[in-house]
**Student:** 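One structure, as structure tokens, below. Some questions next.
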Amino acid sequence: MVRQLPEATLLTDVRALLGEGPVWDARVGRVAWVDIDGKTLHMTEPGTGLTQSFSMPERIGVAVPRDSGGFVAALEDGFWWIDAEGDIDKLTAVDTHGGTLRFNDGACDPAGRFWAGTMAYANTPGAGSLYRLDTDMHLTRVLDDVTISNGIGWSPDGATMYYVDTPTMRIDAFDYDVATGEPSNRRPFVELEGPGRPDGLCVDVEGAVWVALWPGWSVRRYLANGTLDAVIPVPVAKVSSCVFGGDGLDHLYITTAQVDLTDDEHDAQPLAGSLFTTNPGVRGVPRASFGG
């Protein structure tokens with residue numbers, strides 16, 4: 001039987017146009033998350049909801065903590081450094097096909113490599129790619145024929161990589177070599193049914209995968225064998241991603257969006273775009289920072 005967990009509650013009503021990419025920054029005990037269309041990096045304190053915001057020069061798909069300080073981020077046209085004061089410098093550009101593509105979601109693997117993928121503004125099938133930025137700054141395009149590159153995460157032992165290309169309605173699994181950063185043996189892990197489509201994801205210590213549903217009003221938990229185990233209701237439709245955080249990695253932080261809502265939909269879900277949280281009863285797998 002699928003468990004219905006308590007509804008996620010509001011952490012901060014800083015309302016993003018397109019909230020995405022939450023990460024737990026253990027260095028400062030805050031949730032880092034982005035507003036893609038609002039071109040902003042947010043840092044939220046879990047106890048108070050107090051949020052510090054940094055404006056970016058272009059759309060920002062995801063930012064992850066960097067071991068040597070600040071963040072490394074996938075902005076609209078490539079990879080950038082962001083320091084603790086929000087100042088940025090470009091690391092490397094990526095071909096965006098004349099500005100028709102942008103970066104979306106990403107995460108670091110257990111060895112500290114940064115993975116992030118692209119999508120077309122027009123959602124053109126197969127126009128995007130998935131990239132890996134190694135700790136020596138070497139950039140590799142690993143997958144092509146991606147439509148909406150989205151959630152990515154690793155099993156507790158690092159031997160399995162999970163990945164979402166949203167229109168496939170699947171979470172895929174790869175065998176993963178942590179030593180080399182090479183994925184292989186791609187296969188479906190879960191084939192989802194609506195409402196909603198798979199978006200961002202994270203993994204817990206029991207090997208279960210938590211995935212946000214857009215526009216599905218929820219986050220779902222799938223056991224390591226692919227069985228649907230639990231659902232967390234969220235009081236807005238466009239649920240974009242989730243991550244474990246807190247001192248014990250025992251809270252789930254959930255990003256949402258308000259982009260393209262009608263006036264009636266805004267009235268029905270006034271908290272759309274906010275950051276939510278819940279205690280799901282299990283701890284998350286620690287996510288590595290970028291090691292470069």
Side-chain angles (χ1 to χ4, degrees), residues 18-23 33-34 36 61-62 64 74 101-109 113-120 123-132 141-155 158 160-176 183-204 207-232 234 237-244 252-257 259 284-285 287:
L18 179 49
E20 251 287 11
V23 296
W33 56 292
V34 303
I36 295 176
V62 62
V64 295
L101 305 180
R102 68 165 175 83
F103 273 94
N104 195 39
D105 202 358
C108 287
D109 76 3
R113 307 177 189 92
F114 183 29
W115 289 74
T118 58
M119 59 175 285
N123 294 334
T124 307
S129 301
L130 179 65
Y131 294 85
R132 185 190 69 229
R141 190 172 68 240
V142 180
L143 290 179
D144 288 318
D145 196 27
V146 171
T147 301
I148 301 177
S149 188
N150 241 314
I152 188 167
W154 286 264
S155 60
T160 302
M161 183 177 87
Y162 298 101
Y163 178 63
V164 168
D165 181 2
T166 293
T168 67
M169 289 297 293
R170 297 192 313 266
I171 303 171
D172 285 343
F174 296 77
D175 295 335
Y176 193 73
S184 60
N185 188 28
R186 184 176 186 173
R187 70 267 184 196
F189 168 64
V190 169
E191 297 191 17
L192 285 85
E193 297 180 356
R197 302 188 299 170
D199 204 311
L201 63 78
C202 61
V203 182
D204 67 34
V209 177
W210 298 77
V211 61
L213 276 296
W214 172 294
W217 300 85
S218 64
V219 174
R220 295 181 190 169
R221 182 186 196 240
Y222 289 91
L223 301 178
N225 64 6
T227 301
L228 177 59
D229 170 65
V231 176
I232 298 172
V234 181
K238 294 184 175 181
V239 185
S240 56
S241 194
C242 53
V243 72
F244 283 94
L252 195 68
Y253 299 101
I254 301 167
T255 51
T256 66
V259 64
V285 175
R287 284 191 176 182

**Student:** Restricting to non-hydrogen atoms, name the atom on V190 and the atom on G226 that form the minimum distance, rounded to 0.1 Å.
**Tutor:** CG2-O, 3.7 Å

**Student:** With a 4.5 Å heavy-atom cut-off, do S240 and D105 have their side chains touching?
**Tutor:**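 They are not in side-chain contact.
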
**Student:** Hey, are R132 and D109 close enough for a salt bridge, meaning a charged N less than 4.0 Å from a carboxylate O?
**Tutor:**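 Here R132 does not pair with D109 in a salt bridge, since their nearest N and O are not under 4.0 Å apart.
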
**Student:** Is a side-chain donor or acceptor of S155 paired with a backbone partner of G207 at a separation under 3.5 angstrom?
**Tutor:**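 Judged by distance alone, no pair lies under 3.5 Å.
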
**Student:** Rounded to the nearest 0.5 Å, how far does CZ of R186 lie from CG of D175?
**Tutor:**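 Rounded to the nearest 0.5 Å, the CG-CZ separation comes to 13.0 Å.
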
**Student:** To check you understand the geometry: which heavy-atom pair defines the closest contact between D199 and T166, and what is its length?
**Tutor:** CA-OG1, 4.3 Å

**Student:** Where do A120 and A127 come nearest, in terms of heavy atoms and distance?
**Tutor:**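 So the minimum-distance heavy-atom pair works out to CB-CB, 4.0 Å.
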
**Student:** What verdict does the side chain to side chain contact (heavy atoms under 4.5 Å, CB included) test give for W210 and I232, after you've listed the backbone C-alpha separation in whole Å, the side-chain angles of each residue and the deciding distance to 0.1 Å?
**Tutor:** CA-CA 10 Å; W210 298 77; I232 298 172; 3.4 Å; yes

**Student:** Indicate the atoms forming the closest heavy-atom contact of S218 with V231, along with that distance.
**Tutor:** CB-CG1, 3.8 Å

**Student:** Against W115, only a single residue in L130, L143, V64, V62 fulfils side-chain contact (heavy atoms from CB on, under 4.5 Å); can you say which?
**Tutor:**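 Among the candidates, only L130 passes.
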
**Student:** Let's go through F189 and D172 carefully: what are the C-alpha distance in whole Å and the side-chain angles of both, what is the deciding distance for side chain to side chain contact (heavy atoms under 4.5 Å, CB included) to 0.1 Å, and is it a yes or a no?
**Tutor:** CA-CA 5 Å; F189 168 64; D172 285 343; 6.0 Å; no

**Student:** Hey, what do you get for CG (N104) to CD1 (I36), rounding to the nearest 0.5 Å?
**Tutor:** 4.5 Å

**Student:** Please find the pair of heavy atoms, one from G153 and one from V203, that lie closest to each other, and give the distance.
**Tutor:** C-CG2, 4.4 Å

**Student:** Under 3.5 Å, is there a donor on one side chain and an acceptor on the other for S241 and T255?
**Tutor:** no

**Student:** Ignoring hydrogens and angles, state whether a donor on the side chain of Y131 or T118 is under 3.5 Å from an acceptor on the partner side chain.
**Tutor:** no

**Student:** Taking L201 as the fixed residue, which of V219, N150, V209 is the one that meets the side-chain contact (heavy atoms from CB on, under 4.5 Å) rule?
**Tutor:** V209

**Student:** Determine yes or no for a side-chain-to-main-chain donor-acceptor pair under 3.5 angstrom, with D165 supplying the side chain and T147 the backbone.
**Tutor:** yes

**Student:** Rounded to the nearest 0.5 Å, how far apart are CZ of F174 and CE of M161?
**Tutor:**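 The distance works out to 4.5 Å.
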
**Student:** Indicate the atoms forming the closest heavy-atom contact of M169 with G194, along with that distance.
**Tutor:** CE-N, 4.2 Å

**Student:** Run the numbers on S149 and Y163 for side chain to side chain contact (heavy atoms under 4.5 Å, CB included), then give the verdict.
**Tutor:** CA-CA 8 Å; S149 188; Y163 178 63; 2.7 Å; yes

